[in-house]
Peer 1: 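This is the structure, below, for whatever I ask next.
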Amino acid sequence: MKKRTRLAAADPRTEPAPTPQVAAAWLRIESFLEHRAILVVLALVLLATIRIVTTYSSLSHTFDEPAHIAAGMEWLDKHVYNYEAQHPPLTRVMSALLPFLTGSRSHGERGMWDEGFAILFASGSEERTLALARLGILPFFWIACWVTYACTRWIAGAAAAVLAVFFLTTTPAILAHAGLATTDMGLTAMIWLAFYTGWRWALDPSWKHAVAFGAFTGLATLAKLSILAFFPSTVVLLVLLMLILERPGPSGIDKLILDRLPQLVLAIGIGVLLIWIGYRCSYKVLSSFPYVLPAPEFFDGIADVSRHNTQGHLTYLLGQVNTVGWPSFYLVALAVKTPLALLALGLGGLALLFSRKMFGLRGWLVPCAVIGIMAFSSVLSQIRIGTRHVLPVTPTTSHTSISSAAIGPKIS
């Protein structure tokens with residue numbers, strides 16, 4: 001099994017000696033987790049899956065679920081995507097796939113909520129159809145678990161990766177949204193695949209990594225348009241950090257770019273192609289633009305989200321109501337809704353992951369993603385209506401918690 005790359009704490013002459021009992025206990029746990037990592041992770045994911053599925057029969061549909069199911073059914077049954085452009089089709093199609101395969105079809109209602117209700121109640125009871133729709137989101141939860149394990153193992157080793165999956169699969173927000181036929185779990189899983197494969201490609205460029213990066217970024221874009229804000233904000237922070245701390249110089253920057261440019265072109269091409277396929281290879285010739293515009297629904301979606309952000313959305317915080325939210329909204333909401341132990345470990349781990357001595361450049365990805373997503377959502381976004389809009393931050397608490405939890409016994 002791959003050896004851990006985490007470096008020991010610095011000079012033993014200046015560091016307090018580990019408590020023998022604590023260090024010995026952690027070494028035993030660490031050895032067990034490293035040798036049984038896959039089995040433990042599978043058990044954790046199975047247990048979480050059971051917890052998610054058992055909620056299907058006890059929770060009625062949320063406000064958005066009928067609309068998402070209707071839009072996905074339109075894509076599958078009518079081969080068009082006209083109901084609403086603000087949300088891309090990937091997660092919606094997944095929510096409608098099992099109902100479609102078991103006989104559900106479009107009903108021709110003009111509004112997507114009316115259409116969604118018609119689909120849900122076509123057989124007289126919504127429970128079965130709604131459960132099938134929610135089952136379509138489970139693969140995104142499994143993907144989120146896998147990428148949490150893979151990314152954490154790459155950063156800090158197998159034992160830490162198992163702990164990260166444990167934290168992820170016991171986080172209420174993840175379990176809740178993994179059990180709903182909405183778009184948030186899909187974005188969380190796919191954007192972390194894009195982050196992970198993208199940073200691996202940046203640090204170790206290869207054609208294989210470039211293909212994975214392009215494919216997963218394209219799929220993440222098809223999951224939710226939030227990636228168009230979250231991904232660039234994270235990349236900007238990583239690049240600035242690299243320039244400030246590594247100081248590659250003009251010639252070094254030129255070499256970094258030239259070495260990666262052909263692979264980046266390939267990655268972009270793969271991502272663009274997947275987005276176009278996701279919109280059923282649609283195209284339109286505009287009167288004001290004498291060329292074919294591929295995936296016009298995608299560009300309509302960007303325009304709709306931009307208008308929505310400009311207008312804002314009715315929101316509530318600490319007894320006040322407005323339509324543009326507050327910069328502190330997500331910080332307060334996450335502080336209240338995240339389990340305290342996970343929050344404390346996660347915040348402590350953020351600083352540790354910046355340590356090149358412990359994690360090299362690999363550790364920078366997670367804190368930069370947290371800061372990038374939260375900075376955009378708190379400063380530039382005016383759609384502040386729930387922590388689900390920053391759900392991709394939640395797995396980062398699992399990644400960062402392992403820094404505090406796994407390293408603590410070695411330096412305590």
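Model, not experiment: these values are computed from the prediction. Both backbone and side-chain heavy atoms feed into the values below; hydrogens, waters and symmetry mates do not.
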Peer 1: Taking Glu115 for its side chain and Ala70 for its backbone only, find out whether a donor-acceptor pair lies under 3.5 Å.
Peer 2: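 Checking the backbone N and O of Ala70 against the side chain of Glu115, no donor-acceptor pair under 3.5 Å is found.
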Peer 1: Looking at Glu297 and Lys284, does any basic side-chain N land under 4.0 Å from a carboxylate oxygen?
Peer 2: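 Salt bridge between Glu297 and Lys284, a charged N being under 4.0 Å from a carboxylate O: no.
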Peer 1: Which heavy atom in Ile227 sits nearest to a heavy atom in Pro232, and how many Å separate them?
Peer 2: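 Scanning both residues, the minimum pair turns out to be O-CD, 3.4 Å.
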Peer 1: Side chain of Ser381, backbone of Ile383: donor and acceptor closer than 3.5 Å?
Peer 2: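 Between the backbone of Ile383 and the side chain of Ser381 there is a qualifying donor-acceptor contact (under 3.5 Å).
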Peer 1: Rounded to the nearest 0.5 Å, what separates atom CG in Leu237 from atom SG in Cys368?
Peer 2: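 Nearest 0.5 Å value for the CG-SG distance: 5.0 Å.
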Peer 1: Atom SG in Cys145, atom CG in Leu168: separation rounded to 0.5 Å?
Peer 2: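 Here the rounded value is 5.0 Å.
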Peer 1: Examine Tyr330 together with His389 and report whether their ring centres are nearer than 6.0 Å.
Peer 2: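 Distance test on ring centres: not under 6.0 Å, no.
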Peer 1: State, to 0.1 Å, how close Tyr83 and Glu109 come at their nearest heavy-atom pair, and which atoms those are.
Peer 2: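 Closest approach of Tyr83 to Glu109: OH-O, 2.6 Å.
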Peer 1: With distance as the sole criterion, is a donor-acceptor pair present between the side chains of His308 and His313 under 3.5 Å?
Peer 2: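 On atom types as modelled, these side chains qualify, holding a pair under 3.5 Å.
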Peer 1: Where the side chain of Asn309 meets the backbone of Gln382, is there a donor-acceptor pair that is under 3.5 Å apart?
Peer 2: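 Yes, Asn309 side chain to Gln382 backbone: donor-acceptor pair under 3.5 Å.
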Peer 1: Using the benzene-type ring in the case of Trp, are the ring centres of Trp154 and Tyr196 under 6.0 Å apart?
Peer 2: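 Between Trp154 and Tyr196, the centre distance is under 6.0 Å.
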Peer 1: Stepwise, does the side-chain contact (heavy atoms from CB on, under 4.5 Å) test hold for Thr188 with Thr394?
Peer 2: CA-CA 9 Å; Thr188 301; Thr394 306; over 6 Å; no
Peer 1: Backbone N or O of Gly319 within a donor-acceptor pair of the Tyr316 side chain at under 3.5 Å?
Peer 2: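 Yes, because the side chain of Tyr316 sits within donor-acceptor range (under 3.5 Å) of the backbone of Gly319.
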Peer 1: What about Trp192 and Phe195, are their ring centers closer than 6.0 Å?
Peer 2: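 Yes.
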Peer 1: Check this for me: Phe100, atom CZ, are more than 12 non-hydrogen atoms of other residues, nucleotides or ligands nearer than 6.0 Å?
Peer 2: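 More than 12 within 6.0 Å, yes.
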Peer 1: If you measure only the distance, is there a donor-acceptor pair under 3.5 Å linking the side chains of Trp326 and Ser378?
Peer 2: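 Their side chains do not contain a donor-acceptor pair, so the 3.5 Å distance test is not met.
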Peer 1: Any chance you could lay out the salt bridge (Lys or Arg N to Asp or Glu O under 4.0 Å) test for Arg92 and Glu84, step after step, and finish with the verdict?
Peer 2: CA-CA 11 Å; Arg92 289 171 153 185; Glu84 188 221 38; 2.6 Å; yes
Peer 1: Show the numbers, then the answer: is there a salt bridge (Lys or Arg N to Asp or Glu O under 4.0 Å) between Glu34 and Arg153?
Peer 2: CA-CA 10 Å; Glu34 287 184 343; Arg153 179 170 179 168; over 6 Å; no
Peer 1: Contact between Ile52 and Arg134 at the side-chain level, heavy atoms closer than 4.5 Å - yes or no?
Peer 2: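 They are not in contact (no side-chain heavy atoms under 4.5 Å apart), so the answer is no.
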Peer 1: As an exercise, state the distance from CG of Leu222 to CE of Met190, rounded to the nearest 0.5 Å.
Peer 2: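 Going from the CG atom of Leu222 to the CE atom of Met190 covers 9.0 Å.
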Peer 1: Backbone N or O of Ala181 within a donor-acceptor pair of the Ser95 side chain at under 3.5 Å?
Peer 2: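 Not a single qualifying donor-acceptor pair exists.
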Peer 1: Taking atom NZ of Lys78 as the centre, does the number of heavy atoms from other residues, nucleotides or ligands within less than 6.0 Å exceed 12?
Peer 2: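 Atom NZ in Lys78 is crowded, with more than 12 foreign heavy atoms closer than 6.0 Å.
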Peer 1: For the residue pair Thr129 / Glu126, report whether a side-chain donor-acceptor contact shorter than 3.5 Å exists.
Peer 2: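 Judged by distance alone, the side chains do not pair up.
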Peer 1: Applying side-chain contact (heavy atoms from CB on, under 4.5 Å) to Ile137 and Phe140, what does each step give before you reach the verdict?
Peer 2: CA-CA 6 Å; Ile137 302 301; Phe140 294 115; 4.3 Å; yes
Peer 1: What are the two closest non-hydrogen atoms of Gly214 and Ile270, and how far apart are they?
Peer 2: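 What the structure gives for the nearest pair is C-CG2, 4.0 Å.
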Peer 1: Hey, can you pull the donor-acceptor pairs under 3.5 Å for the side chains in residues 155-164, sequence neighbours left out?
Peer 2:
none

Peer 1: Using modelled atom types and a 3.5 Å cut-off, is there a donor and acceptor pairing between side-chain atoms of Thr170 and backbone atoms of Phe167?
Peer 2: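 Yes, because the side chain of Thr170 sits within donor-acceptor range (under 3.5 Å) of the backbone of Phe167.
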Peer 1: Just verifying a value: how many Å separate Asp64 CG and Thr183 OG1, rounded to the nearest 0.5 Å?
Peer 2: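 Separation between the atoms: 7.5 Å.
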Peer 1: Given side-chain contact (heavy atoms from CB on, under 4.5 Å), test Leu225 with His87 step by step and report yes or no.
Peer 2: CA-CA 7 Å; Leu225 293 180; His87 296 86; over 6 Å; no
Peer 1: Please report the closest heavy-atom contact between Pro99 and Met73, naming both atoms and the distance.
Peer 2: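 Scanning both residues, the minimum pair turns out to be CB-CE, 4.1 Å.
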Peer 1: Can you confirm whether Glu127 sits close enough to Ser60 that some side-chain heavy atom of one is under 4.5 Å from a side-chain heavy atom of the other?
Peer 2: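 SC-SC contact between Glu127 and Ser60 ruled out.
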Peer 1: If you define the side chain from C-beta out and look only at heavy atoms, does anything of Ser226 sit under 4.5 Å from Ile373?
Peer 2: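 A side-chain contact is absent here, since even the closest heavy-atom pair is not under 4.5 Å.
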Peer 1: Between the main-chain N or O of Ser106 and the side-chain N or O of Asp77, is there a donor-acceptor pair closer than 3.5 Å?
Peer 2: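 Yes, the answer is positive, given that a donor and an acceptor are paired below the 3.5 Å cut-off.
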Peer 1: Looking at Glu246 and Leu243, would you say the former's side chain and the latter's main chain have a donor-acceptor pair under 3.5 Å?
Peer 2: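 No, Glu246 side chain to Leu243 backbone: no donor-acceptor pair under 3.5 Å.
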Peer 1: Work out which heavy atom in Asp304 is nearest to a heavy atom in Gln86; give both atom names and the distance.
Peer 2: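 Nearest pair, atom of Asp304 first, then Gln86: CB-CG, 3.4 Å.
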Peer 1: Report yes if some heavy atom in the side chain of Thr169 is under 4.5 Å from a heavy atom in the side chain of Leu47; otherwise report no.
Peer 2: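 Side chain of Thr169 against side chain of Leu47, heavy atoms only: no contact under 4.5 Å found.
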Peer 1: Start with the C-alpha gap between His61 and Phe117, add the side-chain angles, then the distance that decides, and say whether ring pair (Phe, Tyr, Trp, His ring centres under 6.0 Å) holds.
Peer 2: CA-CA 10 Å; His61 64 265; Phe117 287 129; 5.3 Å; yes
Peer 1: Between Arg200 (side chain) and His209 (backbone), is there a donor-acceptor pair under 3.5 Å?
Peer 2: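 No, the answer is negative, given that no donor and acceptor are paired below the 3.5 Å cut-off.
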Peer 1: Yes or no on side-chain contact (heavy atoms from CB on, under 4.5 Å) for Ile174 and Phe141, after CA distance, side-chain angles and deciding distance?
Peer 2: CA-CA 8 Å; Ile174 292 294; Phe141 170 70; 3.7 Å; yes
Peer 1: For Ile302, is there any backbone N or O sitting under 3.5 Å from a side-chain donor or acceptor partner on Ser306?
Peer 2: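 No.
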Peer 1: So do the side chains of Thr221 and Leu228 get within less than 4.5 Å of each other, counting heavy atoms only?
Peer 2: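 When only atoms from C-beta onward are counted, Leu228 and Thr221 do touch, with a gap below 4.5 Å.
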Peer 1: How long is the span from the CD1 atom in Ile69 to the OG1 atom in Thr182, to the nearest 0.5 Å?
Peer 2: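 Ile69 atom CD1 to Thr182 atom OG1 measures 10.0 Å (nearest 0.5 Å).
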Peer 1: Can Arg280 be said to sit on top of Tyr81's aromatic six-ring, NZ or CZ under 6.0 Å from centre and within 45° of the ring axis?
Peer 2: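 No, Arg280 does not lie over the aromatic ring of Tyr81.
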Peer 1: Going by heavy atoms in the side chains, are Leu350 and Leu347 under 4.5 Å from each other?
Peer 2: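 Leu350 vs Leu347: side chains touch.
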Peer 1: For residues Trp364 and Phe359, establish whether the separation of their ring centroids is below 6.0 Å.
Peer 2: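 No, ring centres 6.0 Å or more apart.
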Peer 1: Heavy atoms, side chains only, cut-off 4.5 Å: are Met185 and Leu180 in contact?
Peer 2: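 They are not in side-chain contact.
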Peer 1: Roughly how far, to the nearest 0.5 Å, is CH2 of Trp201 from CZ of Arg260?
Peer 2: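 Reported value, rounded in 0.5 Å steps: 6.5 Å.
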Peer 1: Would you say the side chain of Pro88 lies within less than 4.5 Å of the side chain of Tyr279, judging by non-hydrogen atoms?
Peer 2: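 Yes, side chains in contact.
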Peer 1: What heavy-atom pair brings Ala220 and Ala194 nearest, and what distance separates the two atoms?
Peer 2: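 Here Ala220 and Ala194 meet closest at CB-CB, 4.5 Å.
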Peer 1: Show your working on ring pair (Phe, Tyr, Trp, His ring centres under 6.0 Å) between Trp276 and Tyr283 and close with a plain yes or no.
Peer 2: CA-CA 9 Å; Trp276 190 40; Tyr283 61 90; 7.6 Å; no
